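Note that the coordinates shown come from a computational prediction; the quantities given were computed from them, not determined experimentally. So that the names make sense, note that chain A is the first sequence line, chain B the second, and so on, each numbered from 1.
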There are 2 protein chains.
Amino acid sequence: MASLGDLERSVMDLLWDSAEPLTANDLRDELAANAGASKELAVTTVLTVLARLEKKGLVERERSTRPHRYTASSSREDHTVELLNEALGNAQDREAVLARFIGGISPDEAAALRAILDSPKSA
Amino acid sequence: MASLGDLERSVMDLLWDSAEPLTANDLRDELAANAGASKELAVTTVLTVLARLEKKGLVERERSTRPHRYTASSSREDHTVELLNEALGNAQDREAVLARFIGGISPDEAAALRAILDSPKSA
DNA sequence: GCAGATTTCTACAGCTCGTAGAAACTTCAG
DNA sequence: CTGAAGTTTCTACGAGCTGTAGAAATCTGC
């Protein structure tokens, strides 16, 4: 239950980047703006996608207000972490994977990682 | 170009676990054994899946031998790392994600990570 | 109560995946 | 060389997911 389609992803990106909840119309407008005039989606299209994202648990909807307002149910980072864990899930020897993974990241990120590991975050 | 279907995944698992290249018949038999008698796939089914996996670049095929022999083109770990990077790919602030990710792994793995980071692997 | 905005329902085309038969091809025995 | 048995390729279909949206139902303010 992870991979998103292109449009679903675009919608999520907008929701993640927005501090405020957005309506379907807001999203339609933003999508049009971001993609140039080439993309003039029908509002029903956006609503369908939102309904699907809601069903997938990725967005929440305020039904109280009349134009329903949608928000991402978790941050982009948390979502990405979920993806990472999912990808790691079906790996038996996690450590071997992590080793290789670490080997491939930039020195900056390695430094950041070390800082995180050494930080007293595990209270 | 990442997610595999159930059967595709099963086939990859067998190929990854095998030191030797396998034929479609080998795979059909193993699949039947692993899944109990419930699964008696036609060989053509296995061949179709193998062809698709080959097209995806996940398996390689020896056409020289008569029953073609198939091998995974990269190790399970390398493949998983690719998935990880793919998941991270569409995240802007990789460090924030990594921080959260690290926060969620087990102490053992954290220790392993530290060891990896500190090791003189970057030759 | 109605017009306009909004949401829900229904639908379809394109793609992937599991599944496999039919047809073509290869190879070995006789 | 010829045919049978094994192997591979071609073609296909149904199910599920995604982009897309019209039609119909619903709501809301005037």
Side-chain angles (χ1 to χ4, degrees), chain A residues 1-15 20-32 34-71 79 83 86 90, chain B residues 1-15 20-32 34-71 79 83 86 90:
Chain A
M1 306 286 160
S3 65
L4 302 179
D6 290 341
L7 181 52
E8 290 177 331
R9 165 122 226 122
S10 299
V11 168
M12 286 311 296
D13 276 334
L14 288 171
L15 290 177
E20 300 289 306
L22 297 177
T23 68
N25 271 310
D26 293 340
L27 287 164
R28 189 205 4 70
D29 294 344
E30 298 263 12
L31 287 169
N34 286 15
S38 54
K39 276 290 173 188
E40 274 287 328
L41 294 177
V43 189
T44 51
T45 298
V46 179
L47 282 166
T48 302
V49 167
L50 284 168
R52 288 176 183 164
L53 289 171
E54 188 189 21
K55 180 184 278 180
K56 292 184 188 181
L58 293 181
V59 311
E60 266 154 36
R61 152 177 1 201
E62 283 177 50
R63 280 195 155 84
S64 46
T65 68
R66 189 42 185 170
H68 293 180
R69 296 157 73 72
Y70 299 82
T71 50
H79 177 250
L83 289 188
E86 221 171 88
N90 42 21
Chain B
M1 304 284 159
S3 64
L4 302 179
D6 290 342
L7 181 52
E8 291 177 330
R9 166 124 226 118
S10 299
V11 168
M12 286 311 297
D13 276 335
L14 288 172
L15 290 177
E20 300 289 307
L22 298 177
T23 69
N25 270 310
D26 293 340
L27 287 164
R28 187 201 10 68
D29 294 345
E30 297 263 12
L31 287 168
N34 287 15
S38 54
K39 276 291 172 188
E40 274 286 328
L41 293 178
V43 188
T44 50
T45 298
V46 179
L47 282 166
T48 301
V49 168
L50 284 169
R52 288 176 183 164
L53 289 171
E54 189 189 20
K55 179 183 278 179
K56 292 183 188 181
L58 293 181
V59 311
E60 265 154 38
R61 151 179 359 202
E62 282 178 50
R63 281 194 155 85
S64 46
T65 67
R66 190 41 185 171
H68 294 180
R69 294 157 73 73
Y70 299 82
T71 50
H79 177 251
L83 289 188
E86 221 172 89
N90 42 21

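Considering OG1 of Thr71(A) and CD of Glu62(A), their distance stands at 6.5 Å, rounded to 0.5 Å. In this structure, CG in Leu47(B) is found 11.0 Å from CD in Glu54(B), a value given to the nearest 0.5 Å. In this structure, CG on Leu4(A) lies 12.5 Å from CZ on Arg52(A), to the nearest 0.5 angstrom. Separating the CG atom in Leu58(B) from the OH atom in Tyr70(B) is a distance of 14.0 Å, to the nearest 0.5 Å. Rounded to the nearest 0.5 Å, atoms CE (Met12(B)) and NE2 (His79(B)) are 6.5 Å apart.
Regarding contacts with the backbone of dT9(D), a side-chain N or O of Arg63(B) is found under 4.0 angstrom from either OP1 or OP2. Put simply, Arg69(A) has no side-chain N or O that comes within less than 4.0 Å of OP1 or OP2 on dT7(C). One finds no side-chain N or O of Asn25(B) lying less than 4.0 angstrom from the OP1 or OP2 phosphate oxygen of dG6(D). Distances shown here put every side-chain N or O of Lys55(B) at or beyond 4.0 Å from the OP1 or OP2 atom of dC17(C). In this model, the phosphate group of dA20(C) is approached by a side-chain N or O of Thr45(B) to a distance below 4.0 Å at OP1 or OP2.
Judged by distance alone, the side chain of Asp26(A) and the main-chain N or O of Thr23(A) form a donor-acceptor pair under 3.5 Å.
One can place CG of Asp29(B) at 14 Å from C1' of dG6(D), the figure rounded to the nearest angstrom. The CZ-C1' distance, from Arg28(A) to dG19(D), rounds to 17 Å in whole Å. In this entry the distance linking CG of Leu50(B) with P of dT7(D) reads 14 Å, nearest Å. The distance from atom CZ of Arg52(A) to atom P of dA11(C) is 14 Å, rounded to the nearest whole Å. Leu4(A) has its CG atom 14 Å from the C1' atom of dG19(D), to the nearest Å. Put simply, CZ on Arg61(B) is 14 Å from P on dT7(D), counting in whole angstrom units. Here dC17(D) presents its P atom at 17 Å from CG of Leu7(A), a figure rounded to the nearest Å. The nearest whole Å value for the distance from the CG atom in Asp26(A) to the C1' atom in dT6(C) is 13 Å.
When distances run from any side-chain atom of Thr48(A) to the nucleotides dT19(C), dA21(D), dT18(D), the shortest one goes to dA21(D). Side-chain proximity of His68(B) to dT9(D), dT20(D), dG18(C): nearest is dT9(D).
In this structure, Leu47(B) reaches the bases: a heavy-atom distance under 4.0 Å links it to at least one base atom across the strands shown. As judged by a 4.0 angstrom heavy-atom cut-off over every strand, Thr23(B) is placed among residues making no nucleic acid contact.
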Hey, what are the protein-to-nucleotides 23-29 of chain D N/O distances that come in under 3.5 Å?
residue : atom : partner  : partner atom : Å
dC27(D) : O4'  : Arg66(A) : NH2          : 3.4

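Each of Asp29(A), Leu14(A), Asp13(A) was evaluated against Asn34(A); a single residue qualifies, Leu14(A), per the side chain to side chain contact (heavy atoms under 4.5 Å, CB included) test.
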